[in-house]
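Remarks on the structure that follows.
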Amino acid sequence: MEINTLMGKRRQIVRRSVIAAMEAAQAAGKLSYEQLADFAVERPREAAHGDFAVNIAMLMAKQCGMAPRDIARTIAEYIDFNNTTIAKMEIAGPGFINFRMADDWLASCLDEIVDQGEDFGRLDLGQGEKIQVEFVSANPTGELHMGNARGAAIGDSLAAILELAGFEASREFYVNDAGNQIEKFANTLNALYLIELGEEIEFPEDGYHGADLPLLIKKLVAEIGDKYQQIEEPLRKEYLAEYALREKLAAIKAALENFGVNYDVWFSERNLHDSGAVKDVIDQLGQRGWLLEKEGALWLDCERFGEEKPEVLVRANGIPTYFAADIAYHRDKYQRGFDKVIDIWGADHHGHVARMKGAMEALGYDYDRLEVILMQFVRLYKDGELLKMSKRTGTYVTLDELVEEVGRDAARFFFVMRSADSLIDFDMDLAKSTRADNPVYYVQYAHARICSILAQANGLVDQQAKVDFTLLQDESEHQLALDLAYFPDQVAYAAMHRAPHHIASYLLDLAGHLHNFYGQCHCIIDDLELMAARLALMKATAFVLKKGLSLLGVSAPEKM
RNA sequence: GCGCUCAUAGCUCAGCUGGAUAGAGUGUCUGGCUACGAACCAGAAGGUCGCAGGUUCGAGUCCUGCUGGGCGCACCA
């Protein structure tokens, strides 16, 4: 299946010609095969290898009982590229067939890019399929740390890429406002509140040590004083937790917005319990025969989908586990009509993946409808020393501090330029000191550079008029044009492989080729037609840089 | 012990359904601003792609084993 992009259409021309040649050769008795292999039309790494390379001869060798180069020669004999944009083909290496397009083909690509204007890069790959991307979903008991920042950058970019590729993406944050940790949270707040009012009580052993909570309590005391001191402890804890959750959640939301991340849905775990959805999903699993009763608890029979052991859904004390709520949550996602669900989790949750997908299958949902992207950790170094990230002990760098220290653009680019499955060592001091040679500035600089030149060229030529792109003959111009032409394919690749970092790599390449072009060719020159063509090339480059950066949540300043 | 994951240049990382001579940044060295932004460019040097097998016409990419790092194996979330 060839994707319907600017380059995809051109690959399709090559593909059809090759298939026609194979069929003609077969009809003439020169080749004999049962079925055509699913061959590739790809972009060769070396420019010397032409514009497109086809590997069909190697793939068909066994079936045809011929050497690859002989098959290639036979294809050459029967291929007909009259009425196509193919200029010539040659056989190379072990049997590659390299195609070179007509001289003006890159110019035609640029024409098409200009014609598409603002829509360039938009694809219909998703066909409006509804995809939910759930990410961060940090416990609302503390502040967001570096790991959350990474998840936010990856999740938000992935959603943006999916949207551009034609999917209907929804960003969601699952608020864990129920369960065990809320109880601990309430105990912590209770202690802090009473201590703040001068009572001599012990701080709970498993309490939260973050520096944010005492501040929050101070703020509350300033507002209401000792109003809660006299009421019953359970009620006091409830009030305190209520207040703190509201405040913490607002802070989390603000921090994410400040990071350029905006959610469509904030989904409350507590609602799942209150609405009976958790109980209901357990009943449903029971009806389907997936439950076991053992030692007073209710278990999901995970061994039936290959897991080592069953998992508890309802504890002996009657309280459902996090896993039970999570199953209800994921069922709810499907009930809301999402065709696909993508969860971005920290690597420490990997043990949860198979049983979550298994549970969905137990409910009758297709195993592949849930995808989990596991994100490796961010290890934080300060003064050359590893900082253990822990909410419990309160030693971590928050998202707000990160944005404050290194800036939003640099932080987002940094997190999204690495694939999710690489472990990141983040040196806070280094991030600050080397801010000038951060890769994000390389890309942004290319954009600013173009804007500056376009501004200076303003009025010298009619920038709206149609230009003759065949005038662009320099190697650096061709390279740049090629990069631009491949942009939609890059979006498609990043969307299909759930790989936002691919866009970052592409942008670094594109920026490099722009800078190279800048060194090779001058834009403001006496030859007005050539100038117009170069300005249009740069304008298209600026557009793609800006579009690409926007997918990563990074700004494209005109001056810097 | 079992499971997931990663290992590519001194360092940080890319490497596009397996494809031709493995790339970039950074660091080191050399050269380039009295024409459009030097936060830039050009060039040099730097590799047994962790190790050993296997599949294939072809393996950094797929499979198996091993070594090493990270993570997980709760009636926590």
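Every chain is numbered from 1 and lettered A, B, ... according to where its sequence line falls, protein lines coming before strand lines.
With B:A20, B:C41, B:C16 as the candidates, the nucleotide lying closest to the side chain of A:N516 is B:C41. Among the nucleotides B:C57, B:C36, B:A77, the one closest to any side-chain atom of A:M58 is B:C57. The side chain of A:H501 sits closest to B:G15 out of B:G70, B:C36, B:G15.
Between A:K237 and A:E183 there is no salt bridge, since no side-chain N of the basic residue sits under 4.0 Å from a carboxylate O of the acidic one. Here A:D483 pairs with A:R43 in a salt bridge; the nearest charged N to carboxylate O distance falls below 4.0 Å. A:E303 has no carboxylate O lying under 4.0 Å from a charged side-chain N of A:K309, or vice versa, which leaves the two without a salt bridge.
Heavy atoms of A:R43 sit nowhere under 4.0 angstrom from any nucleic acid atom. Heavy atoms of A:M560 sit under 4.0 angstrom from at least one base atom. Heavy atoms of A:R534 sit nowhere under 4.0 angstrom from any nucleic acid atom. Residue-level contact check: A:A53 touches the bases, meaning some heavy atom is under 4.0 Å from a base atom.
In this structure, A:Y506 and A:F487 have parallel ring planes: the angle between them is below the 30° cut-off, well short of the 60° mark.
Atom CD1 in A:I453 sits roughly 11 Å away from atom C1' in B:A35 (whole-Å rounding). Rounded to whole Å, the distance from OH on A:Y442 to P on B:G37 is 17 Å. Distance NE2 (A:H352) to C1' (B:A74): 13 Å, rounded to an integer number of Å.
Look at A:H349 and the base of B:G72; the rings do not stack under the cut-offs of 5.5 Å between centres and 30° between planes. Ring-to-base geometry does not place A:Y518 in a stacked arrangement with B:C41 (centre distance under 5.5 Å, plane angle under 30° required).
Side-chain to base pairing of A:H350 with B:G3: one donor and one acceptor N or O lie within less than 3.5 Å of each other. Looking at A:N180, its side chain has no donor and acceptor atom pair within 3.5 Å of the base of B:A74. Side-chain atoms of A:N55 and base atoms of B:G19 include a donor and an acceptor less than 3.5 Å apart.
Distances shown here put a side-chain N or O of A:Q456 below 4.0 Å from the OP1 or OP2 atom of B:G37.
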